[in-house]
Student: 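Sending over a structure as structure tokens; questions will come in a sec.
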Amino acid sequence: MMDRPEYYAATENDIAFINETYNENIDSLHGVQRSAETWRKLLSDKSSSYYIVRAEMPVAWFRIDIEDGKLWIGMLQVKPIHRHKGIGRYVLSVAENIAKEKGFGQIGIHTTEDNIAARTLYSSAGYTVTEIGPCSTADGVERVGYTFQKEI
């Protein structure tokens, strides 16, 4: 783990970092290119909350959504050069604490069958697969999706 990571709510000043990290991970996300204006709109949408994780510098970002009465980690992105340093596990623990603070007893996250690193992380952090089925990704391809949830 890096020295004392911390997190804070993302602002417009973080758009370049969010976009850069998203693009570095676009293949595993099955994502599509997004403009700074698109990120600005997403950050201003109050149905989601974006956070930046930093140690000596920004190293990751994540999004929290509330959907169907549950708290979800909508996206978790670690800069590739900072992977395998405990940042993903740190983000999960932060998200779980946010869920507890908001009064939720359960948290969830989705991924795709081919994202083995994410599936391994979630399983090792105590999340269990609650659903496997077809899902559409941003690139418009039908894939097999996994839903993970954890009681907190």
Side-chain angles (χ1 to χ4, degrees), residues 1-112 114-115 117-122 124-127 130 135-141 143 145-150 152:
M1 171 72 84
M2 303 179 102
D3 290 337
R4 292 188 214 129
E6 57 186 37
Y7 73 99
Y8 61 90
T11 68
E12 282 196 29
N13 294 333
D14 298 305
I15 289 173
F17 171 75
I18 290 170
N19 192 49
E20 175 184 289
T21 306
Y22 176 85
N23 286 332
E24 289 173 344
N25 291 295
I26 202 164
D27 291 338
S28 66
L29 293 169
H30 309 298
V32 294
Q33 294 290 322
R34 294 182 173 172
S35 68
E37 184 57 33
T38 298
W39 287 112
R40 191 169 288 104
K41 287 178 184 174
L42 290 169
L43 283 173
S44 68
D45 180 354
K46 298 304 176 200
S47 65
S48 297
S49 300
Y50 288 77
Y51 298 91
I52 303 295
V53 176
R54 67 175 291 120
E56 303 84 36
M57 65 186 74
V59 296
W61 65 271
F62 64 102
R63 185 183 81 220
I64 297 289
D65 302 309
I66 297 173
E67 181 181 305
D68 299 328
K70 294 181 185 174
L71 190 132
W72 294 89
I73 303 168
M75 193 168 291
L76 187 169
Q77 293 301 303
V78 177
K79 288 194 69 64
I81 64 170
H82 295 293
R83 289 187 186 149
H84 308 292
K85 297 178 182 177
I87 299 298
R89 190 170 298 280
Y90 170 77
V91 169
L92 293 177
S93 69
V94 165
E96 291 165 15
N97 286 336
I98 291 170
K100 287 178 193 173
E101 289 169 6
K102 293 184 177 286
F104 292 93
Q106 189 177 71
I107 188 166
I109 191 165
H110 303 287
T111 193
T112 52
D114 59 334
N115 195 336
R119 290 175 39 210
T120 301
L121 172 64
Y122 308 150
S124 70
Y127 289 71
T130 58
C135 71
S136 295
T137 51
D139 60 6
V141 176
R143 303 184 190 281
Y146 279 62
T147 299
F148 285 82
Q149 293 187 34
K150 181 178 181 179
I152 50 174

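Just so it is clear, the values below take in all heavy atoms, side chains as well, and ignore hydrogens, waters and symmetry mates.
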Student: Is there a side-chain contact (heavy atoms from CB on, under 4.5 Å) between Y127 and I73 once you walk through the steps?
Tutor: CA-CA 12 Å; Y127 289 71; I73 303 168; 4.1 Å; yes
Student: Which residue in the set L76, V94, V91 passes side-chain contact (heavy atoms from CB on, under 4.5 Å) when paired with V53?
Tutor: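 Testing each of L76, V94, V91 against V53, the sole residue satisfying side-chain contact (heavy atoms from CB on, under 4.5 Å) is V91.
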Student: Taking all non-hydrogen atoms of both residues, which atom of N23 and which atom of Q33 are closest, and how far apart?
Tutor: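 Looking at all heavy atoms of both residues, the shortest contact is OD1-OE1, 3.3 Å.
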Student: Between D114 and H30, is any pair of side-chain heavy atoms under 4.5 Å apart?
Tutor: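 In contact.
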Student: Measure the OG1-OH distance between T130 and Y146 for me, rounded to the nearest 0.5 Å.
Tutor: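 These two atoms lie 12.0 Å from each other.
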Student: About how many Å separate CD of E6 and OH of Y90, when rounded to the nearest 0.5 Å?
Tutor: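 Reported to 0.5 Å precision, the distance equals 7.0 Å.
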Student: Of the non-hydrogen atoms in G31 and A138, which two are nearest, and what is the gap between them?
Tutor: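 Looking at all heavy atoms of both residues, the shortest contact is CA-CB, 4.0 Å.
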Student: Would you say the side-chain atoms of N19 pair up with the backbone N or O of I15, donor to acceptor, closer than 3.5 Å?
Tutor: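 No: the side chain of N19 does not pair with the backbone of I15.
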Student: May I ask you to check whether Y8 and D14 show a side-chain donor-acceptor distance below 3.5 Å?
Tutor: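 Yes, side-chain donor-acceptor contact under 3.5 Å.
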Student: Checking I87 against F62 for the side-chain contact (heavy atoms from CB on, under 4.5 Å) test, could you report, in this order, the C-alpha distance in whole Å, the side-chain angles of both residues, the deciding distance, and whether it holds?
Tutor: CA-CA 11 Å; I87 299 298; F62 64 102; over 6 Å; no
Student: I'd like to know if the side chain of K150 and the backbone of A125 have a donor-acceptor N/O pair within less than 3.5 Å.
Tutor: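 Between the backbone of A125 and the side chain of K150 there is a qualifying donor-acceptor contact (under 3.5 Å).
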Student: If you measure only the distance, is there a donor-acceptor pair under 3.5 Å linking the side chains of T112 and R143?
Tutor: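 No, because no side-chain N or O of T112 sits under 3.5 Å from a partner of the opposite role on R143.
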Student: Atom OH in Y22, atom CG in L42: separation rounded to 0.5 Å?
Tutor: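 Result: 9.5 Å between the selected atoms.
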Student: Mind checking whether Y7 and I98 have side chains closer than 4.5 Å, heavy atoms only?
Tutor: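 With C-beta onward as the side chain, the pair touches.
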Student: Looking only at heavy atoms, what is the nearest atom pair of P58 and I52, with distance?
Tutor: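 That would be CB-CG2, 4.0 Å.
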Student: Just verifying a value: how many Å separate K85 NZ and K79 NZ, rounded to the nearest 0.5 Å?
Tutor: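 With rounding to 0.5 Å, NZ (K85) is 11.5 Å from NZ (K79).
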Student: Are side-chain heavy atoms of T137 and L29 found at a separation under 4.5 Å?
Tutor: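 Counting from C-beta outward, T137 and L29 never come under 4.5 Å.
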Student: Identify the heavy atoms of G74 and D65 that sit nearest to each other, and give their distance.
Tutor: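 Smallest interatomic distance, heavy atoms only, reads CA-OD2, 3.2 Å.
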Student: Looking at T11 and L43, what are the two nearest heavy atoms and their distance?
Tutor: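 Heavy atoms of T11 and L43 come nearest at O-CD1, 3.7 Å.
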Student: Return yes if some donor-acceptor pair links the side-chain N/O of T21 with the main-chain N/O of I18 below 3.5 Å, else return no.
Tutor: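 Between the backbone of I18 and the side chain of T21 there is no qualifying donor-acceptor contact (under 3.5 Å).
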Student: Taking D139 for the side chain and V141 for the main chain, is one N or O donor matched with an acceptor at less than 3.5 Å?
Tutor: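 Answer holds: yes.
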Student: Look up atom CZ in R34 and atom CD1 in I26, then write down how far apart they are to the nearest 0.5 Å.
Tutor: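 Reported value, rounded in 0.5 Å steps: 8.5 Å.
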Student: Of the non-hydrogen atoms in I64 and A95, which two are nearest, and what is the gap between them?
Tutor: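 So the minimum-distance heavy-atom pair works out to CD1-CB, 3.8 Å.
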Student: Using the test ring-ring contact (aromatic ring centres under 6.0 Å, His included), find all partners of F148 that sit at least two apart in sequence or belong to another chain.
Tutor: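 Result, ring-ring contact (aromatic ring centres under 6.0 Å, His included) vs F148: Y122.
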Student: Roughly how far, to the nearest 0.5 Å, is the CD1 atom of I66 from the OG atom of S47?
Tutor: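 Answer for the OG-CD1 pair, S47 versus I66, is 9.5 Å.
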Student: Could you check W61 against M75 for side-chain contact (heavy atoms from CB on, under 4.5 Å), going step by step and ending with a plain yes or no?
Tutor: CA-CA 8 Å; W61 65 271; M75 193 168 291; 3.3 Å; yes
